[in-house]
2 protein chains.
Amino acid sequence: MTGLKIDDVAKQSGLTKRTIRYYEQIGLLASPPRSEGGIRLYSQAHVEMLNKIVSAKEVMGFSLTELQEFIQLSETLEEQRSDYRQFKGTDQQREKLEKVTETIEEQLKLIAQKKKSIVRVEQDLTALYERAKNALHTFKENK
Amino acid sequence: MTGLKIDDVAKQSGLTKRTIRYYEQIGLLASPPRSEGGIRLYSQAHVEMLNKIVSAKEVMGFSLTELQEFIQLSETLEEQRSDYRQFKGTDQQREKLEKVTETIEEQLKLIAQKKKSIVRVEQDLTALYERAKNALHTFKENK
DNA sequence: CTTAACGTTGACGTAAAGGTTAAGTTGTAC
DNA sequence: GTACAACTTAACCTTTACGTCAACGTTAAG
């Protein structure tokens, strides 16, 4: 029984056990090997993957479906990689690759936008903060 | 019948009519005045508010409940503002204010975190992009 | 003054992302 | 070898954030 059990992973990732299994179920997280008796035995790589998922979800607001797509892209690239070395690329694969790069390009643009928007929200919140601080100040003066 | 009707607001904000009514229903958007017959007549301020809501939701991943809280904070501050001028602040109000500033502080920290995370995700995606580009390149060479 | 386009309020439906509970299995510790 | 904690699947439940009718009222146009 070597490897992390689901509860360890839960603690390290901050997700619940249910969520981890759910992510595996919908194909977001690779299925870890099992013990004889069927208990999931995770590696550190799984934890890192989960961290990336959480990050992408929280930060980018990606839905799990969108995340799946990116993971598939990544896997497609892994697959292709070996094929290319063998000079086996087909036209179909090339088309797929072109779509992939387009999709990523779009997402990178979106990220650029979000960076700007996040600053806007930050400014709004900072303004709110200043007002609150000021109010508190006024308070102390009249005490 | 002066003022924007719901469909105009929908077009300007990119939200559906249903969503706009829903936001009003749960207290996210201030109820606009109505015509004699009961038709909602919006002002430009409503549109701006909606834009802020969309921004905060999309960009920060705030849930509508969280957004409600911030709007309440904002309103609390408005209320207090007049009170302070009249030197009427109570201890209760001060406590409330202190909570408000704390909450905002936490959120600002969260925003800082998100800024970092967004960069991480961007790097991951860029790496994916480079790999895709490379693969495409290899393709052309073997054509 | 009627008609068409748009508005209104319910009420029910639904997809996503898990939570919860039940009923049974496995692993470890004594 | 027997407890006991932690694991498993499966099934159903819940919440959020709206979508989608239905049934009816209002307004602007001709």
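Proteins get letters first, then strands, A, B, ... in listed order; numbering begins at 1 in each.
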### Message
Please report the distance, rounded to the nearest Å, between NZ in A:Lys17 and C1' in C:dT21.
### Response
13 Å

### Query
In whole angstrom, what separates A:Leu15's CG from C:dA17's C1'?
12 Å

#### Entry: Position toward the 5' end of DNA chain D (nearest nucleotide), B:Met1 or B:Phe62
B:Phe62

### Summary
Under a 4.0 Å heavy-atom cutoff, the residues of residues 5-14 of chain B touching DNA chain C are B:Lys5, B:Ile6, B:Asp7

#### Entry: From CA spacing to verdict: side-chain contact (heavy atoms from CB on, under 4.5 Å), A:Met49, A:Ile53
CA-CA 6 Å; A:Met49 185 63 192; A:Ile53 289 172; 4.2 Å; yes

### Query
For DNA chain D, which residues in residues 36-55 of chain A have a heavy atom at a distance below 4.0 Å?
A:Gly38, A:Ile39, A:Arg40

### Message
For DNA chain D, which residues of residues 18-35 of chain B approach it to below 4.0 angstrom with any heavy atom?
### Response
B:Arg18, B:Thr19, B:Tyr22, B:Tyr23, B:Ser35

### Query
Under a 4.5 Å cut-off applied to non-hydrogen side-chain atoms, are A:Gln12 and A:Leu4 in contact?
yes

### Query
Is there side-chain contact between B:Phe62 and B:Gln107, with heavy atoms separated by less than 4.5 Å?
yes

#### Entry: B:Glu58, CD: over 12 other non-hydrogen atoms inside 6.0 angstrom
no

### Query
In a check of side-chain contact (heavy atoms from CB on, under 4.5 Å) between B:Tyr42 and each of B:Val9, B:Asp8, B:Val47, which one passes?
B:Val9

### Task
Please check if the side chain of A:Thr19 supplies one atom and the backbone of A:Leu15 the other of a donor-acceptor pair under 3.5 Å.
no

### Message
Looking at A:Ser74 and A:Phe70, would you say the former's side chain and the latter's main chain have a donor-acceptor pair under 3.5 Å?
### Response
no

### Query
Would you call B:Lys57 and B:Glu66 a salt bridge, using N to O less than 4.0 angstrom?
no

### Query
Using 4.0 Å as the upper bound for N to carboxylate O, is an ion pair formed by A:Glu95 and A:Lys99?
no

### Task
Supply the atom-to-atom distance B:Ile104 CD1 to A:Tyr129 OH, rounded to the nearest 0.5 angstrom.
8.5 Å

### Query
Is the phosphate of D:dC18, meaning OP1 or OP2, less than 4.0 Å from a side-chain N or O of B:Thr16?
no

